[in-house]
Amino acid sequence: MNEDKLQVAEHSHAEDLYPLSRREFLQGLGSGIVIFFAVGGPSTAKGQSRGNKERPDFNAYLRIGEDGRVTCFTGKVELGQGPITSLAQTLADELDVSLESVDMVMGDTALCPFDAGTWGSMTTPYFGPVLRAAGAEARAILIGLAAVRLKVPKDRLAVKDGVVFNNTRKSQKVTYAQLTKGKKIQKRLEQEPQIKTVGQYNLIGKPVNRLDARKKVTGEAKYTGDIRVAGMVSAKILRPPSHGAKIKSLDTSAVDKIEDAQVVRDGELIAVLHKNPDVAEKALGTIQAEYDIPEARFDDKSVFDYFIDNAGGSRVISNGGNIESGQKLAKYMVEETYLNGYVAHAPIETHTAVAHFEGDKLTVWASTQTPFGLRGALTRELGMSEENIRVIAPFVGGGFGGKISNGQAMQAVKLAKIAKKPVQLVWNREDEFFYDTFRPAAVVKIKSGIADSGKIVSWNYDIYGMGGRGSQLFYNIPNHRTTVCRELKNGKTMHLLGTGPWRAPDNNTNSFARESHIDVMAARAQMDPLEFRLKNVTDERMRRVLKAGADKFGWTPAGKAPSGRGYGMACGSDVNVPVVLFAEVKVDERTGSIEVKRVVCAQDLGLVINPEGAILQVEGCITMGLGYALTEEVHFQGGDVIDMNFDSYELPHFSWVPKVETVLIEADESPSRGGGEPAIICMGGVLTNAVYDATGARLFQIPMTPRRVRQALANRA
Amino acid sequence: MNETISFKLNEKSVSVTTDSERMLLWVLRTDLGLTGTKYGCGKAMCGACTVIVNDRAVRSCTLPVRSIKGKNVLTIEGLAKNGKLHPIQEAFVKHDALQCGFCTPGMILNAYSLLLRNPEPTREEIIEGMEDNLCRCGAHIRIIRAIESASQEMKGAR
């Protein structure tokens with residue numbers, strides 16, 4: 001992130017922040033070469049760029065300044081997954097400049113063009129190619145300028161590290177900085193220029209270290225909580241005891257005894273302000289409040305029965321062949337129900353925002369995956385124009401889908417408006433658990449049939465409580481139907497707690513259910529799980545990862561479980577990435593605890609921009625996935641969230657982490673795909689299958705807590 | 001109760017006058033303007049707020065500022081010397097031992113304390129020493145590797 005820009009933003013007044021309209025701003029970029037480019041053209045997917053007359057039709061731009069430095073302005077946010085590095089690497093390669101000469105300016109609505117948000121592994125596949133095209137276009141312009149300057153035909157020129165030179169006489173050269181000096185060229189990317197192909201890359205495909213690492217190891221990296229504005233106070237909010245609770249009585253008189261502490265109320269939003277956050281928290285503790293709490297209809301144990309018993313209408317999301325005739329072909333029918341609870345995002349940085357009004361201008365710093373979405377929401381909430389609201393997402397300390405809805409920023413803005421001073425709101429850990437938009441609890445019922453040949457001939461798949469991402473079949477099954485039910489009979493949502501996207505939304509639960517069931521069927525048909533999958537998968541990309549993963553792991557058939565080895569496998573597909581995991585576990589049958597010793601991941605990401613970054617994402621997915629497979633589950637009673645900190649909500653620790661090996665399928669000719677999500681989706685399935693292989697006990701609910709493991713061991717047939 | 005508390009912070013003498021029951025984390029982040037030390041849980045369970053007091057890693061979110069009177073406090077801002085990164089910082093960069101970076105200052109300082117007491121830890125000792133520092137992005141494998149590498153590097157320098 002361009003620290004200079006952030007520094008300016010931190011210390012200046014609104015007049016300085018808004019010296020120019022957007023058009024003027026673009027004109028004010030000064031000399032150099034500026035390329036505008038849009039994501040959402042014919043070759044890219046919809047959804048990243050929304051057509052809107054008010055907005056410019058480009059959603060990033062790059063500038064090559066008179067000093068030869070390259071700046072990329074993008075509304076994407078650095079959440080930890082590393083686009084600050086992979087995008088810079090992509091751009092530097094196409095431009096033939098060094099990685100060090102690229103500055104990334106990210107997530108600032110005043111400096112960067114509109115972007116829908118950083119989620120869904122979309123940065124690399126959709127934004128990356130357009131950025132490459134823009135880099136190639138800029139390079140072509142520079143070559144054209146150099147040809148004139150050096151009086152050498154373009155086809156005889158080459159570029160290295162930002163220096164254009166004559167291929168036949170290398171001393172004849174000119175730098176990008178010299179070429180841009182005094183020039184003012186602004187160009188919109190109209191058609192896709194010639195980008196580099198396999199064999200021409202200097203940086204793409206090579207491992208590079210993260211560009212943000214130095215700032216992050218020295219404490220220099222600024223997150224929203226590190227922003228300081230003159231006159232700013234910290235807010236702490238009064239959290240209700242339960243979702244749906246309404247205030248009955250409130251006594252804030254004790255707060256008055258604490259010097260400089262101030263109570264602010266806006267309806268149900270009650271907060272204490274003080275210049276020190278810890279003093280605000282202490283003052284908050286003196287407030288006496290009583291609430292009306294709605295009756296608890298269900299808790300973390302009864303939630304699944306509640307969903308099934310009260311389910312409203314289902315929607316068919318996928319349908320093929322005829323289930324009934326498929327069932328007639330079946331030799332075995334297998335019917336099981338799979339359960340998965342609520343899971344928290346639990347980023348180490350809690351939701352944070354700073355709201356700063358000056359005159360009719362508002363600046364908001366926020367830990368958010370959607371700075372432009374937040375600006376839109378603020379526009380509607382406050383009736384202010386977009387031009388007067390600036391949202392800046394500095395470094396974000398983890399998102400995983402949890403920093404999309406921006407509740408903390410809305411709270412900070414309301415408080416700042418009432419208090420008439422800049423407000424910083426850092427949710428404490430308990431707020432974070434309470435207000436989180438959890439991965440929804442869900443039930444998946446599967447009824448399937450297997451023919452004598454080992455082919456799956458019917459597949460009936462019913463989802464309750466969540467959506468269908470990841471339920472699309474890559475198994476070749478002629479008769480299938482998938483339904484989704486997300487509402488109760490009364491038309492209301494099933495959930496009492498906040499729910500939302502969580503790293504590879506729905507897919508973790510869908511893949512857990514499907515891959516467990518595939519193994520249940522394989523066991524019923526007395527077939528090896530790998531052989532059974534290969535018998536039923538025709539998709540070539542999936543077959544390739546299955547074989548590559550099995551090869552790396554050293555998979556061999558073991559016959560009837562328990563084999564005692566503790567080997568398991570699971571495959572899946574997310575954001576068009578086929579992925580397979582193989583795992584080895586050891587189960588302590590006395591305590592029910594599970595040790596994961598080794599995980600092998602094979603996935604097909606197409607052209608990999610930064611292999612080191614891609615492997616890091618696989619390791620991150622597998623480590624994070626240990627949590628939802630083994631321990632992570634939000635306990636609650638009605639709208640009352642019981643887990644409020646890391647004592648009872650247990651994240652993966654160092655000693656849990658297995659040996660991880662990654663196979664990235666070589667597919668340089670295929671488009672790049674995002675690697676931030678796919679590898680996490682199989683963790684539930686691969687570990688339940690491995691536990692079955694180790695012990696003969698099948699768990700139909702995750703996380704596999706020691707208690708559930710002991711129960712499953714006791715229920716073994 | 002306001003009190004003036006003097007201590008060494010990153011090798012410089014400092015004094016703060018404040019309620020001495022306040023936690024060091026907030027005094028560092030607000031009164032002293034050092035924001036590299038992070039708030040993660042407020043209950044000494046995640047390690048994001050780890051600082052070094054007299055060569056020991058401590059959780060500053062539950063450490064009253066009165067208890068550091070006259071002591072030496074090292075925060076992440078004081079680890080690099082004259083722009084040169086400490087070998088542990090170097091190793092975190094080299095081994096990509098971070099993602100979002102929010103737990104990183106605490107991880108590095110916890111590792112610093114670990115290597116002070118045990119300059120050549122085994123892999124198991126590193127895991128044991130780092131066990132209660134939480135990372136949500138899953139950089140654990142790289143963090144272990146970085147500490148192993150820093151240990152070797154520092155051995156060479158001794």
Side-chain angles (χ1 to χ4, degrees), chain A residues 78-82 207 209-210 212-223 225-226 228 234 275-279 281 345-350 395-400 426 428-430 612-613 616-617 619-626 645-647 651-657 659-660, chain B residues 18-19 22-23 25-27 29-31 33-43 45-46 48 75-77 79-80 85-86 88-90 92-106 108 124 126-144:
Chain A
E78 178 57 67
L79 308 161
Q81 268 75 37
N209 284 132
R210 302 179 60 105
D212 53 356
R214 193 187 161 94
K215 284 194 182 111
K216 288 179 175 177
V217 300
T218 54
E220 281 169 42
K222 293 274 184 269
Y223 300 80
D226 305 330
R228 299 288 178 263
S234 281
K275 72 179 180 1
N276 292 328
D278 49 328
V279 180
E281 175 111 45
H345 294 90
I348 305 297
E349 180 204 35
T350 59
F395 283 119
V396 177
F400 317 111
V426 180
N428 63 26
R429 181 54 60 189
E430 291 78 9
E612 205 54 36
L616 194 57
Q617 285 312 303
E619 292 172 358
C621 281
I622 287 168
T623 306
M624 189 174 184
L626 288 171
N645 214 317
F646 298 127
D647 46 355
L651 302 191
H653 288 251
F654 275 88
S655 64
W656 302 12
V657 179
K659 182 178 179 199
V660 175
Chain B
T18 189
D19 176 353
R22 291 179 63 209
M23 300 306 162
L25 170 66
W26 301 113
V27 176
R29 289 186 53 83
T30 54
D31 305 44
L34 294 183
T35 56
T37 308
K38 303 302 186 199
Y39 165 82
C41 72
K43 301 272 167 68
M45 291 189 284
C46 76
T75 69
I76 194 68
E77 289 90 346
L79 200 54
L85 296 182
H86 186 278
I88 302 174
Q89 292 172 310
E90 288 281 7
F92 268 64
V93 173
K94 191 173 145 210
H95 293 279
D96 282 322
L98 57 88
Q99 291 189 32
C100 82
F102 205 76
C103 72
T104 308
I108 289 175
E124 287 64 40
I126 293 174
I127 289 169
E128 199 193 326
M130 300 301 293
E131 184 69 352
D132 291 328
N133 279 61
L134 299 179
C135 164
R136 186 50 156 170
C137 302
H140 304 70
I141 292 171
R142 305 302 173 113
I143 293 171
I144 297 167

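Heavy-atom distances place both the backbone and the side chain of Pro652(A) under 4.5 Å from chain B. Heavy atoms closer than 4.5 Å to chain B are found in the side chain of Glu430(A), but not in its backbone. Using a 4.5 Å cut-off between heavy atoms, Ala139(B) makes no contact with chain A at all. With a 4.5 Å cut-off on non-hydrogen atoms, Ile348(A) touches chain B through its backbone and its side chain both. Interface residue Asp19(B): only side-chain heavy atoms are found under 4.5 Å from chain A. In this structure, chain B has a heavy atom under 4.5 Å from the side chain of Val657(A), while its backbone stays farther away. Heavy atoms closer than 4.5 Å to chain A are found in both the backbone and the side chain of Leu98(B).
Interatomic distance, Ser655(A) OG to Met130(B) CE, rounded to the nearest 0.5 Å: 12.5 Å. To the nearest 0.5 Å, atoms CG (Asp212(A)) and OG1 (Thr104(B)) are separated by 9.0 Å. Taking CD of Gln617(A) as the reference point, atom SG of Cys137(B) lies at 8.0 Å (rounded to 0.5 Å). To the nearest 0.5 Å, atom CZ of residue Arg214(A) and atom CD of residue Glu90(B) are 7.5 Å apart. Note that SG of Cys46(B) and CG of Asn645(A) are 8.0 Å apart. Values are rounded to the nearest 0.5 Å.
A distance-only check finds no donor-acceptor pair linking the side chain of Arg22(B) to the backbone of Val279(A) [under 3.5 Å]. Tyr39(B) contributes a side-chain N or O that, together with a main-chain N or O of Arg429(A), makes up a donor-acceptor pair within less than 3.5 Å. Lys216(A) places a side-chain N or O within 3.5 Å of a backbone atom of Gln99(B) that can act as its donor or acceptor partner.
Of the listed residues (Leu85(B), Asp132(B), Asp96(B)), the one with the most heavy-atom contacts under 4.5 Å to chain A is Asp96(B). Of the listed residues (Arg29(B), Glu77(B), Lys43(B)), the greatest number of heavy-atom pairs within a distance under 4.5 Å of chain A belongs to Arg29(B). Put simply, of Ser234(A), Gly398(A), Ala346(A), the one with the most heavy-atom pairs under 4.5 Å next to chain B is Ala346(A). Among Val217(A), Leu651(A), Thr623(A), Leu79(A), the residue with the largest count of heavy-atom pairs under 4.5 Å with chain B is Val217(A). Between chain B and the options Glu612(A), Met624(A), Glu349(A), Glu281(A), heavy-atom pairs under 4.5 Å are most frequent for Glu349(A). When Gly101(B), Gly36(B), Pro105(B), Cys135(B) are compared by the number of non-hydrogen pairs under 4.5 Å with chain A, Gly101(B) comes out ahead. Between chain A and the options Cys41(B), Ala80(B), Gly33(B), Ala48(B), the largest number of non-hydrogen pairs under 4.5 Å is found for Cys41(B).
Thr218(A) is not listed as a side-chain neighbour of Leu79(B), based on a closest heavy-atom distance of 4.5 Å or more.
Summarising the geometry of Asn133(B) relative to Phe654(A), their closest heavy-atom pair is O-CE1, 3.5 Å, with the distance given to 0.1 Å. Across Asp31(B) and Asn276(A), no two heavy atoms sit closer than the pair OD1-OD1, 4.0 Å. Heavy atoms only, all atoms of each residue included: Gly397(A) and Phe102(B) are closest at CA-CB, 4.0 Å. Nearest heavy atoms, Lys38(B) versus Asp226(A): NZ-OD2, 2.5 Å. Heavy-atom minimum distance, Thr30(B) versus Pro277(A): CG2-CD, 3.5 Å. In terms of heavy atoms, Phe400(A) sits closest to Arg136(B) at CE1-CG, 3.4 Å.
For Glu131(B), the CD atom counts as densely surrounded, since its 6.0 Å shell holds more than 12 non-hydrogen atoms of other residues, nucleotides or ligands.
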